Structures are given as C-alpha cells and as structure tokens.
Amino acid sequence: MNEISLFDRFHYSLTKNKRTEDFYRLLYEKIRDRYFSKKENCLVIKDLKLPVLSNSAKPTREEAYIAMEIADILFPAKLSRYHFCDEGPYEWGDVFISEGDTVFDCGANIGIFSILAASKGAEVYAFEPIFGARKILRTTLELNPEFSKQIHIVPYALADVEEKAEFKVLDNTYVGSSMVLMNQIGHTEISDVTTVDIFAEKNNLHVDFIKADIEGAERKMLEGAQKTLSRNSPKISICKYHLADDPQVLKSLILKANKDYVLTEKWKKIYGAVTRR
C-alpha cells in the first residue's frame with residue numbers, strides 16, 4: 001500500500017505549478033551534490049547507479065529531464081518520497097513489480113525504470129528505438145552489472161504494426177523522442193517498429209507488467225498489445241498526457257482487450273490491474 005507523507009503532499013502542492021526545466025536543473029544539482037560518488041563517477045541512489053552525463057557546472061537539458069525521471073521513478077520506490085513527482089511513479093496500488101515478473105519497459109531511455117524493475121527481481125525487455133539513448137542505457141547497465149542478465153536491450157519502438165518509422169529527436173536531450181509528435185524541434189532518426197503481441201509470441205513470453213512512456217504512441221502500442229492484454233492480463237502503468245484525448249482513448253483500448261481491468265488515474269498516468277485471476 002502506497003503512503004504519501006503530509007510533508008510530501010504539502011511540498012507537491014506548493015511546487016506543482018513551478019515544474020519548469022530550470023526547476024529540474026536545480027533539482028539535478030541537489031541530486032548530484034547528495035548522491036554523486038567521486039570514486040565510481042556516478043550517481044548512487046540506494047543500491048542503483050546512474051551515469052553522470054556531463055561535467056558541466058550548470059546541469060544540461062538532458063540532466064534536467066533525468067532529474068525528473070529520478071524524482072518520479074527512484075525517489076518513490078527507493079526512498080518513499082513523492083514530493084518532487086511530476087508524471088508520477090510507475091507503481092501504485094495494485095500495480096507493482098513482483099519478483100519473477102516479465103516487464104516490458106516501453107521507452108526505456110537511459111534505463112532508470114529498467115534497473116529499478118531488475119532490482120526487484122524482474123526480467124526486463126528495455127525497448128528503446130533511439131541510438132543515443134541506447135548508448136547511455138548500456139552505460140547504465142555497465143554500472144549495474146548484477147542486472148546484466150535480467151535486462152535485454154531491444155532496439156525497437158512499439159506500435160500497432162511491424163514497420164520502420166521516423167522519429168523526431170529533441171535538441172540536447174533523448175527524452176521526448178517521438179514518432180507521433182513530429183512538430184517538435186530536433187533531428188530525425190529512423191527506427192524499426194514491432195508490436196507487443198508479435199514480440200511476445202516470437203519470444204514465447206508471458207508479459208506481467210507493461211510500462212509505457214512513448215510520447216503519443218501509447219495508443220498504438222495498446223492496439224498492438226490486444227492479445228497480450230487479453231491472455232496475460234499484465235499490470236499496466238502508462239502515461240496519459242501526450243495527446244489531449246489520451247485518458248479516454250487509452251482506457252478504452254485497455255478495456256476493449258480485457259474488461260476485467262480495474263483502472264486508476266493519478267498524476268499523469270493510468271494504472272491498470274486485473275485482480276481477479
């Protein structure tokens with residue numbers, strides 16, 4: 001059962017409308033000051049290690065986004081702190097990672113959620129279509145070699161068909177790369193695309209948990225996961241804010257596949273679980 005302290009509730013309400021890029025640059029400075037290990041040249045948060053992306057005195061744009069990821073993913077899970085959450089953690093209520101779970105990390109980026117899931121005993125398929133992000137993801141795994149056999153880097157995007165797709169990669173960060181939101185400023189990159197159903201079937205996988213933050217392609221991923229949602233009833237933690245109608249469309253696709261899902265909306269996510277097995 002998740003518990004959010006009164007302090008965290010107060011701090012969240014006090015700062016939730018101030019969450020700019022500069023806000024997270026300052027947060028990264030605080031994280032770096034507190035969790036940087038000079039000996040290992042990385043950030044160490046509890047038992048998990050993250051690469052330092054620059055030696056810049058002022059945190060970069062990428063580091064600002066990484067601070068947001070740490071605040072949403074690691075602070076709640078490892079420190080039971082929710083005061084800097086923005087999009088929200090990936091575990092809530094009945095949606096949690098269990099030992100032995102097969103987890104699809106859709107939009108793995110540099111692997112923060114992947115190493116968290118692996119630290120809880122899961123086997124993780126880290127889907128990341130962007131070359132630069134995968135390079136940092138490999139560094140993250142090198143820093144956490146105890147999870148090397150549990151995390152499989154998959155150089156694919158997830159959607160509703162197998163194809164190649166063009167991605168817009170934002171300037172100065174790999175966070176936010178999208179094959180849907182193409183009006184953003186950045187360069188383009190081509191990636192292979194598969195579906196949850198096809199990948200699971202080809203690899204004979206029973207999927208237990210799907211995490212997705214894929215910049216507007218969440219609905220495409222769910223359309224390509226209908227058999228998996230019906231047969232496996234995986235726990236779902238999915239971002240709902242990239243497109244205006246995401247809450248309605250995403251919930252509809254989940255329930256279309258499996259009417260037994262109980263869905264909860266909190267922060268900027270939809271959490272889904274089938275509690276009747």
Side-chain angles (χ1 to χ4, degrees), residues 24-81 84-87 89-91 96-156 169-170 172-177 209 211-214 237:
Y24 284 102
R25 287 180 192 268
L26 290 172
L27 177 58
Y28 188 86
E29 287 184 357
K30 295 177 182 178
I31 291 171
R32 184 174 57 194
D33 289 345
R34 182 167 184 178
Y35 297 104
F36 177 69
S37 168
K38 186 175 181 180
K39 179 181 178 181
E40 299 179 89
N41 191 31
C42 66
L43 303 176
V44 183
I45 301 176
K46 287 292 187 178
D47 54 334
L48 302 181
K49 299 175 184 177
L50 297 175
V52 173
L53 303 181
S54 80
N55 293 313
S56 173
K58 181 181 179 181
T60 64
R61 187 184 190 194
E62 178 84 341
E63 288 168 333
Y65 283 116
I66 295 308
M68 181 188 294
E69 295 270 288
I70 291 171
D72 278 332
I73 299 172
L74 295 188
F75 280 3
K78 289 296 183 179
L79 305 175
S80 298
R81 299 304 302 271
F84 286 121
C85 281
D86 180 69
E87 297 178 10
Y90 283 108
E91 296 176 281
F96 53 88
I97 302 160
S98 298
E99 185 173 1
D101 277 355
T102 296
V103 174
F104 277 22
D105 183 355
C106 311
N109 197 252
I110 73 166
I112 296 177
F113 178 77
S114 289
I115 60 170
L116 172 64
S119 75
K120 296 189 172 192
E123 183 171 14
V124 184
Y125 291 83
F127 292 87
E128 179 47 59
I130 305 304
F131 176 81
R134 289 200 305 274
K135 186 176 179 179
I136 304 173
L137 171 55
R138 291 190 185 95
T139 302
T140 302
L141 299 192
E142 289 169 3
L143 289 170
N144 300 273
E146 65 271 34
F147 307 133
S148 60
K149 292 183 179 180
Q150 293 170 247
I151 300 175
H152 313 279
I153 299 176
V154 186
Y156 287 85
V169 182
L170 302 185
N172 303 316
T173 179
Y174 297 115
V175 175
S177 303
F209 194 112
K211 163 264 183 185
D213 181 2
I214 46 178
S237 188

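Everything numeric in this text was worked out from a predicted model, so none of it was measured.
Checked by atom type and distance alone, the side chain of R61 never pairs as donor or acceptor with a backbone atom of T173 at under 3.5 Å. Here the side chain of Q150 pairs a donor or acceptor atom with the backbone of A118 at under 3.5 angstrom. Here the side chain of E128 pairs a donor or acceptor atom with the backbone of I130 at under 3.5 angstrom.
The closest side-chain heavy-atom distance from I153 to L141 is below 4.5 Å. E69 has its side chain out of reach of Y65: every pair of non-hydrogen atoms, C-beta onward, lies at least 4.5 Å apart. The shortest side-chain heavy-atom distance between I73 and P89 does not fall under the 4.5 Å cut-off. Contact check for I45 versus I70: side-chain heavy atoms found under the 4.5 Å cut-off. Between F209 and S237 there is a side-chain heavy-atom pair separated by less than 4.5 Å. The side-chain heavy atoms of E62 and I136, taken from C-beta on, include a pair separated by under 4.5 Å. In this structure, the side chains of I31 and F75 come closer than 4.5 Å at one or more pairs of heavy atoms.
Remark: C106 SG to D213 CG distance equals 10.0 Å, nearest 0.5 Å. Separation of atoms CD1 (I110) and NZ (K135) is listed at 14.0 Å; rounding is to 0.5 Å. Between the OG atom in S37 and the CG atom in L50 there is a gap of 12.0 Å [rounded to 0.5 Å]. Taking CD1 of I66 as the reference point, atom CG of L27 lies at 12.0 Å (rounded to 0.5 Å).
P129 pairs by the side chain to side chain contact (heavy atoms under 4.5 Å, CB included) definition with A157, F167, S191, not counting sequence neighbours. A search for salt bridge (Lys or Arg N to Asp or Glu O under 4.0 Å) contacts involving E91 returns K120, not counting sequence neighbours. The side chain to side chain donor-acceptor pair (under 3.5 Å) search around S54 returns E63, not counting sequence neighbours. With sequence neighbours excluded, the residues forming a side chain to side chain contact (heavy atoms under 4.5 Å, CB included) with K78 are K46, D47, L48, L116, S119, listed by chain and number. Remark: S98 pairs with F96, D101, K235 by the side chain to side chain contact (heavy atoms under 4.5 Å, CB included) rule, at least two apart or across chains. Applying the salt bridge (Lys or Arg N to Asp or Glu O under 4.0 Å) rule to E29 yields no partners; only residues at least two apart in sequence or on another chain are considered. For the side chain to side chain donor-acceptor pair (under 3.5 Å) test, no residue two or more places apart in sequence or in another chain qualifies with R134. Listed by chain and residue number, R32, K38, N41, L43, V52 satisfy the side chain to side chain contact (heavy atoms under 4.5 Å, CB included) test with F36 (two or more places apart in sequence, or in another chain). In this view, T102 satisfies the side chain to side chain donor-acceptor pair (under 3.5 Å) rule with no residue, not counting sequence neighbours. Residues satisfying the ring pair (Phe, Tyr, Trp, His ring centres under 6.0 Å) criterion with F104, sequence neighbours excluded, are Y125, F127, F199. Under the side chain to side chain donor-acceptor pair (under 3.5 Å) criterion, D72 pairs with no residue, sequence neighbours left out.
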How far apart are the C-alpha atoms of V175 and N109, what are their side-chain angles, what is the distance that settles it, and do they pass the side-chain contact (heavy atoms from CB on, under 4.5 Å) test?
-> CA-CA 7 Å; V175 175; N109 197 252; 3.7 Å; yes
Stepwise side-chain contact (heavy atoms from CB on, under 4.5 Å) check, F113 with L74 | CA-CA 8 Å; F113 178 77; L74 295 188; over 6 Å; no
Any chance you could lay out the side-chain contact (heavy atoms from CB on, under 4.5 Å) test for Y24 and D86, step after step, and finish with the verdict?
-> CA-CA 10 Å; Y24 284 102; D86 180 69; 3.2 Å; yes
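Heavy atoms only, all atoms of each residue included: I151 and S114 are closest at CD1-O, 3.7 Å. In terms of heavy atoms, P51 sits closest to L143 at N-CD1, 3.4 Å. Heavy-atom minimum distance, G107 versus K211: O-NZ, 2.8 Å.
The 12-atom threshold is exceeded at OH of Y35, counting heavy atoms of other residues, nucleotides or ligands nearer than 6.0 Å. Other residues, nucleotides and ligands place no more than 12 heavy atoms under 6.0 Å from the OH atom of Y174.
Residues in residues 139-149 take part in no side chain to side chain donor-acceptor pair (under 3.5 Å) pair, two or more places apart or across chains.
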